[in-house]
Amino acid sequence: MSSVPTAAREGELEARLAQTAGAIERLLETLLESVPAEGEIARPERLLAAMRHGALAGGKRLRPFLTVETARLLGAAGDGALRAGAAVELLHCYSLVHDDLPAMDDDDLRRGRPTVHRAYDEATAILAGDALLTLAFDVLADPATHPSGDIRAALVRCLARAAGPGGMVGGQMLDLAAEGRFDALRQELGETEIRRLQAMKTGALLAASVEIGARLGEADKAALAALTAYGRALGATFQVADDILDVEADAAQLGKATAKDEDKGKATLIGALGLAGAKRERDRLSAEAVEALSGFGPAADMLRAAARFAAERKS
Ligand code: GRG
């Protein structure tokens, strides 16, 4: 039987999120030092400064939290889980740096600060994103993340599949196409296509954050299937909540521009279901994520609380 997260559990989630965010920040600071790593030649200071701007001081760090908590559920919360979480966060930060570029969303504000191309310049922002992406795979492939080469290879493949052409980057491509970037006419997407686009653009990386924790914890087949279902439902919850925040939150609260989706003709579930329908769908998906954990008992309460947080978040 699954246990329902109590208010105390929700409070505990905030504390645990903050604790993981602090540990991730410290690890990212080390990974983004200017001193070259073994086998590297030199790290140009402007590039590293731009990478630090894109990756440090901000963000909820939800993805590494999911990796660490999933690994913890399976008895594997340690430095390896933190490193794997940092890898997912580096990849996420790259996607934000590139998403903010003039050729993409053209945003000036991210996490309450100027975007990387605003603080530096466009070429530096492109390179900083590229380098954050590359570093993510370096961290996963390092034996410090897990002693088994097979497991490290599985982590690398999981992140690549989530982030690449059939995942996040593919979803971003569909998103731009839906805006009418490549044709004179904007493509009107149906609900099924919108769900697929969102599962790729946002859901895949969140689901991979969970799967990477599960693989680090050497989950058996049944546990991996349940955690994968949880990750997918949580990812979908998160994206509908994001659509709703774009309409209801203000820029100061979110640390980025809001009310952009409609202006840009973005494909969102609000367009397909209406605001009230999107809120019902968000809550249904969050409940589906909680339900996927029914086999785990109270040890999974933190992940259950995370599914509710994905739905109820204010930023
Ligand atoms: C440009 C390759 C490329 C991909 C872009 C991630 C992405 C794909 C676009 C970001 C646009 C966006 C706002 C998507 C909605 C969901 C999302 C990823 C929100 C930002 O994630 P949070 O809320 O951010 O976890 P923090 O700052 O807390 O890390």
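What's counted below: heavy atoms across the whole structure, side chains too, no hydrogens, waters or symmetry copies. Residue numbers count from 1 along this sequence.
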Pairing donors with acceptors under 3.5 angstrom, does anything connect the side chains of T145 and D142?
no
Would D283 and R280 pass as an ion pair if we require N to O under 4.0 Å?
no
Near D150 CG, under 6.0 Å, is it more than 12 heavy atoms from other residues, nucleotides or ligands?
no
Over 12 foreign heavy atoms within 6.0 Å of CG, D79:
no
Tell me, with the steps shown, if L13 and M302 meet side-chain contact (heavy atoms from CB on, under 4.5 Å).
CA-CA 6 Å; L13 172 93; M302 201 51 69; 4.0 Å; yes
Are any non-hydrogen side-chain atoms of L189 and R196 less than 4.5 angstrom apart?
no
On a heavy-atom basis, which atom in V210 and which in G231 lie closest, and how many Å separate them?
CG2-CA, 4.0 Å
Same cluster (ILVMFWY, side-chain, under 4.5 Å), V68 and L205
yes
Distance in Å, L174 CG paired with E179 CD, rounded so as to fall on 0.5 Å steps
12.0 Å
Any side-chain heavy atom of E12 sitting closer than 4.5 Å to one from D301?
no
Would the distance check show the side chain of K201 and the main-chain N or O of A199 forming a donor-acceptor pair, the cut-off being under 3.5 Å?
no
Rounded to the nearest 0.5 angstrom, the CZ-CG distance for R118 and D108 is 4.0 Å
Search all heavy atoms of L31 against all heavy atoms of R43 and return the closest pair with its distance.
O-NH1, 3.0 Å
Which heavy-atom pair separates A136 from L159 by the least distance, and what is that distance?
CB-CD2, 4.3 Å
Heavy-atom donor-acceptor pair, H117 side chain to A123 backbone, under 3.5 Å
no
Do the side chain of D243 and the main chain of L269 share a donor and acceptor less than 3.5 angstrom apart?
yes
What residue among R61, R83, R63, E29 forms side chain to side chain contact (heavy atoms under 4.5 Å, CB included) with I24?
R61
Indicate the atoms forming the closest heavy-atom contact of A50 with T124, along with that distance.
CB-CG2, 3.6 Å
Cluster overlap L28 with L82, hydrophobic side-chain contacts below 4.5 Å
yes
Give a yes or no on whether a salt bridge exists between R313 and D242, defined as a side-chain N under 4.0 angstrom from a carboxylate O.
yes
Donor-acceptor pair, side chain of T134 and main chain of D130, under 3.5 angstrom
yes
Could you check L48 against M51 for side-chain contact (heavy atoms from CB on, under 4.5 Å), going step by step and ending with a plain yes or no?
CA-CA 5 Å; L48 269 292; M51 291 167 76; 4.2 Å; yes
Start with the C-alpha gap between T268 and I194, add the side-chain angles, then the distance that decides, and say whether side-chain contact (heavy atoms from CB on, under 4.5 Å) holds.
CA-CA 7 Å; T268 76; I194 294 172; 5.7 Å; no
Are L133 and L127 joined in one hydrophobic group, where the rule is that I, L, V, M, F, W and Y side chains link up if heavy atoms are under 4.5 Å apart?
yes
Heavy-atom distance under 4.5 Å between the side chains of E193 and L197, does that happen here?
no
A side-chain contact here means heavy atoms from C-beta on lying under 4.5 Å apart; do R46 and D121 qualify?
yes
Any chance you could measure R195, atom CZ, to Q239, atom CD, to the nearest 0.5 Å?
12.0 Å
Looking only at non-hydrogen atoms, find the nearest pair between Y230 and A289 and report the distance.
CD1-O, 3.3 Å
Is it true that R72 and E69 make a salt bridge, defined as a side-chain N closer than 4.0 Å to a carboxylate O?
yes
Hydrophobic clustering (ILVMFWY, side-chain heavy atoms < 4.5 Å, transitive) - are Y120 and L101 grouped together?
no
Pair T228-E211, side-chain donor/acceptor within less than 3.5 Å
no
Using atom types as modelled and distance alone, determine if a side-chain donor or acceptor of H92 lies under 3.5 Å from a backbone N or O of P64.
no
Distance-only, no hydrogens or angles: does the T67 side chain make a donor-acceptor pair with backbone N or O of G85 under 3.5 Å?
no
Going through the checks in order, is the side-chain contact (heavy atoms from CB on, under 4.5 Å) test met by H53 and R113?
CA-CA 9 Å; H53 186 97; R113 297 197 306 158; 3.8 Å; yes
Spell out, as yes or no, whether a donor-acceptor pair under 3.5 Å connects the side chain of R152 to the backbone of H146.
yes
Is there a side-chain contact between K266 and D246, using heavy atoms and a 4.5 Å cut-off?
no
Look up atom CG in L273 and atom CZ in R282, then write down how far apart they are to the nearest 0.5 Å.
12.5 Å
Other residues, nucleotides, ligands: >12 heavy atoms within 6.0 Å of R181 CZ:
yes
How far apart are the closest heavy atoms of L74 and G217, and which atoms are they?
CB-O, 3.8 Å
Looking at T115 and D107, would you say the former's side chain and the latter's main chain have a donor-acceptor pair under 3.5 Å?
yes
OG on S95 to CE on M104, rounded to 0.5 Å:
10.0 Å
Residue of the set D99, D105, V116 for which side chain to side chain contact (heavy atoms under 4.5 Å, CB included) holds with R110
D99
L227 and F65: same hydrophobic cluster, using ILVMFWY side-chain contacts below 4.5 Å?
yes
OG1 of T70 to CG of L303, rounded to nearest 0.5 Å, is 4.5 Å
